[in-house]
Asks: 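Before anything else, here's the structure in question.
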Amino acid sequence: MKCYPVPRENLVLSIDNLKDDIPEEYLSHKECYENVIRKGSVLYDIFSELSKDRKHKAHQAPSNAYRISDGIMQNVNPFLLHFALFVPAITNQATPEQQAEFLKHGFGIIGTYAQTELGHGTFLRGLETTATLDLETDEFVLNSPTLTSYKWWPGGLGHTANHCVVMAQLYVKGKCHGPHLFFVQIRDIETHEPLPGLKLGEIGAKMGFNTADNGFLGFHNFRIPRNNMLMKNSQVLKDGTYVESKNEKLTYGSMVFVRVYLLSDMAYMLARAATISVRYSAVRHQSHIKPDEPEVQILDFVIQQHKLFISIATSHAFKICGLWLWQTYSKVMEDIGKGSMDRLPELHALSCCLKTTSTRDAGWLIEQCRLACGGHGYLMSSNLPSLYTTATAAITYEGESTVLLLQTARYLIKSWKRAMEGESLPATVSFLSEYFNKRYNKWENTPKGIVDGLKLVVAGVTKMCAESIQKHVSRGQQYEEAWNSSSVQLIKASEAYSRALLCEVFWFEVDKVSSTLSNNLAVVLKQLAELYITYWALEKRGDLLVYTTISKDDLDKLQERYEELLALIRPNAVGLVDSFDIRDEILCSTLGAYDGRVYERMMEHALKSPLNAETVNQSFHKYMKPVILKHKI
Ligand SMILES: CCCCCCCCCCCCC/C=C/C(=O)SCCNC(=O)CCNC(=O)[C@H](O)C(C)(C)COP(=O)(O)OP(=O)(O)OC[C@H]1O[C@@H](n2cnc3c(N)ncnc32)[C@H](O)[C@@H]1OP(=O)(O)O
Ligand SMILES: Cc1cc2nc3c(=O)[nH]c(=O)nc-3n(C[C@H](O)[C@H](O)[C@H](O)COP(=O)(O)OP(=O)(O)OC[C@H]3O[C@@H](n4cnc5c(N)ncnc54)[C@H](O)[C@@H]3O)c2cc1C
């Protein structure tokens, strides 16, 4: 058995089998998949060794090992779900005995997480796949009663995984107990053929993520042992007794894990886009600033700095907030292990809004980085289009953004009601009590003043939502209808809450560590944090004017300070993206390579196009020539 020491980038990147002779964009849909399976199998082997070394635990802080594959695969790794959801679901939701049983083959099995169906992705209580207990045989019988009940979307499900964790409605003695998770083998380990009673396949080409092998799965009287229900939180005993969970939402726990992870993931996606676009903007000379001087680096245009520096700052914001949220997650998981669920609603609310904001921001900021590179940003060889389609998928997967923001809004409204009743609130929402009791300060043009102002916006919008719901109820609507009628404002409250959290955590975490950093590093990090906060104060000036005592004069001063910060950051911009330390082999970009040989790399890449293998393509003689000659005057 090959034995890998803990992979260093050099080791992994030196493996010939991981290099592409032909750029992926020139391969067919099928060749693309086969190519990533080739590379993915090498990495799977390495990560399997790594995970054994590190005694893989579900709650592992975001690791960089997975980043290496991110670069080498260039596209999505079809084995990703095994690490991102399949193993964490088992370690998070199965008993220790079940974990030993289900994972006894270690990395000899490849899994995915099959929850979404053709007809349902968001509304989990509406999932149609059934798991019915057969008392006589001590088994569950899985069925897909309708076309819409087919599992649809799970990554790796089409042709890669041989096992999956399936979410299905649990039926015992004719009673439905709601969605539960089940460990299911779907393919023969040796032959990889689908097991009898299953219909398996891939769902077809997508906007991106085209190597993720997202698949469909239908069950027809498919039997699994009763013990294959993940029974850490709820159990079905041999006699058919159902023992319910202390909190039925624990079943949804695997999604919280990935939502928390995604903040760090988006930090990394943005770091790549910022590295590419800032380095390119330092190389690209275009137009003049002073008419009598040579063409300038486009990075000297202040508007270019406005487009790009927010991405550098945001990547750091997500990285720092991602670690803060990870610590919160780990603490809550520890509490749950001791039987306390108190902070689960707060963790759910935080992970919902921060996952949504980080994925949405990563999407539009990566697009902004692409557009800032002009036409060359539109080339696949820049890698910006792929970064965009990969990042924006996360706005939908792991919880569609609108739906998750409404979950956070639910928590804000509940917290507001508790504030009105004088209850004490967790630190992450205690500002609602301050606002309710009119304990807040006049506007200050400082980072702390901005954070306090953004919190006032959250409190003001939350109060407005609560009043809107109350108004609709008093006019005769049921609460749920009143909720729906107020949902535009509810989304606004969650968005504002998420932004205030990001600004607060970013600023205070940087402020907290700055005394431990070299002066220069502390200065630059604080400039980035202040740029981030000031950028969003200016973006949200309308809300600040409504809910705080900020004046027009304050806003003018903030605009001035923002432009000062752009100028201060300009000399360090390339150094800042270099400090993301993303190697060329992982950046995969003709525009962002460290040596700045943009034009030579663009030409080298262009010549790899299969179309350039000959000077005249056969289609000229086959199709064009007859038409041209026929119409030649
Ligand atoms: C090496 C490791 C590498 C990791 C790398 C990670 C990178 C990521 C790569 C990923 C690649 C793609 C993978 C994609 C996978 C998927 O997409 S998996 C499928 C994701 N699907 C969803 O997220 C579904 C979203 N829908 C839901 O979660 C639920 O349906 C709902 C919207 C929450 C509604 O649920 P419902 O049961 O109807 O509850 P409500 O009636 O609305 O009540 C809400 C109450 O429940 C509490 N709650 C809800 N969810 C949770 C939760 N997850 N945890 C805890 N609590 C929860 C909520 O707080 C409410 O409580 P109360 O207000 O007190 O009632
Ligand atoms: C690239 C990719 C990878 C994926 N990988 C997996 C995977 O590995 N495993 C898996 O199980 N799933 C996976 N999914 C599926 C994903 O989890 C679902 O697409 C997601 O949960 C959204 O569900 P849906 O597609 O049914 O959209 P819907 O829920 O139908 O949403 C459609 C629209 O309806 C709106 N809407 C829905 N409910 C409400 C509401 N209550 N209030 C207001 N508006 C609402 C939404 O906001 C949205 O605008 C993946 C999806 C993608 C795109």
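Counting starts at 1 for both ligands and their atoms, in listed order. We use all heavy atoms of the structure for the numbers below, so side chains are in, but hydrogens, waters and symmetry mates are not. One-based numbering along the sequence shown.
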Asks: Donor-acceptor pair, Ser498 side chain versus Ser494 backbone, under 3.5 Å?
Replies: no
Asks: Do the rings of Phe183 and Phe102 sit parallel, tilted or perpendicular, given the 30° and 60° boundaries?
Replies: parallel
Asks: Please determine, by modelled atom types, if Ser401 and Thr356 share a side-chain donor-acceptor pair under 3.5 angstrom.
Replies: no
Asks: Return a yes/no value: protein heavy atom under 4.0 Å from atom 29 (O) of ligand 2?
Replies: yes
Asks: Please work out, at 4.0 Å between heavy atoms, whether the side chain, the backbone, both, or neither of Leu157 comes within that distance of ligand 2.
Replies: neither
Asks: Nearest non-hydrogen contact with atom 53 (C) of ligand 2 belongs to which option: Phe209, Trp153, Trp483, Phe123?
Replies: Trp153
Asks: Provide the number and element of each atom of ligand 1 under 4.0 Å from a heavy atom of Arg259.
Replies: 22 (C), 23 (O), 25 (C), 28 (O), 53 (N)
Asks: Scan the protein's non-hydrogen atoms and note whether one is under 4.0 Å from atom 34 (O) of ligand 2.
Replies: no
Asks: Under 3.5 Å between some N or O of ligand 1 and some N or O of Leu81?
Replies: no
Asks: How are the rings of Tyr261 and Trp326 set to each other: parallel, tilted or perpendicular (split at 30° and 60°)?
Replies: perpendicular
Asks: Is there a nitrogen or oxygen of Phe123 sitting under 3.5 Å from a nitrogen or oxygen of ligand 1?
Replies: no
Asks: Are any of the N/O atoms in Glu398 less than 3.5 Å from those in ligand 1?
Replies: yes
Asks: Any idea which atoms of ligand 1 are less than 4.0 Å away from a heavy-atom of Leu85?
Replies: 15 (C)
Asks: Does only the side chain of Leu85 get under 4.0 Å from ligand 2, or the backbone, or both, or neither? Count heavy atoms.
Replies: neither
Asks: I'd like to check whether Asp265 has a polar contact with ligand 1, where a contact means an N/O of the residue lying under 3.5 Å from an N/O of the ligand.
Replies: no
Asks: Students often mix this up, so state it plainly: with edges at 30° and 60°, are the rings of Phe140 and Phe182 parallel, tilted or perpendicular?
Replies: perpendicular
Asks: So for ligand 1, is Tyr113 a polar contact partner (N or O within less than 3.5 Å, distance only)?
Replies: no
Asks: Protein heavy-atom contact under 4.0 Å for atom 41 (N) of ligand 2?
Replies: no
Asks: Would you call the rings of Tyr242 and His180 parallel, tilted or perpendicular, taking 30° and 60° as the class edges?
Replies: perpendicular
Asks: Under 4.5 Å between any side-chain heavy atoms of Phe219 and Thr129, yes or no?
Replies: yes
Asks: Relative to ligand 1, is Tyr252 under 4.0 angstrom through side chain, backbone, both or neither, heavy atoms considered?
Replies: both
Asks: I'd like to check whether Tyr397 has a polar contact with ligand 1, where a contact means an N/O of the residue lying under 3.5 Å from an N/O of the ligand.
Replies: no
Asks: Considering only heavy atoms, which of Thr396, Leu405, Val258, Val76 lies nearest to atom 20 (C) of ligand 2?
Replies: Thr396
Asks: With respect to Thr122, determine whether any N or O atom, backbone or side chain, lies less than 3.5 Å from an N or O atom of ligand 1.
Replies: yes
Asks: Using a 4.0 Å cutoff against the non-hydrogen atoms of Arg410, which atoms of ligand 1 qualify?
Replies: 40 (P), 42 (O), 43 (O), 44 (C), 60 (C), 62 (P), 63 (O), 65 (O)
Asks: Tell me if the CD atom of Glu244 is crowded by more than 12 foreign heavy atoms within 6.0 Å.
Replies: no
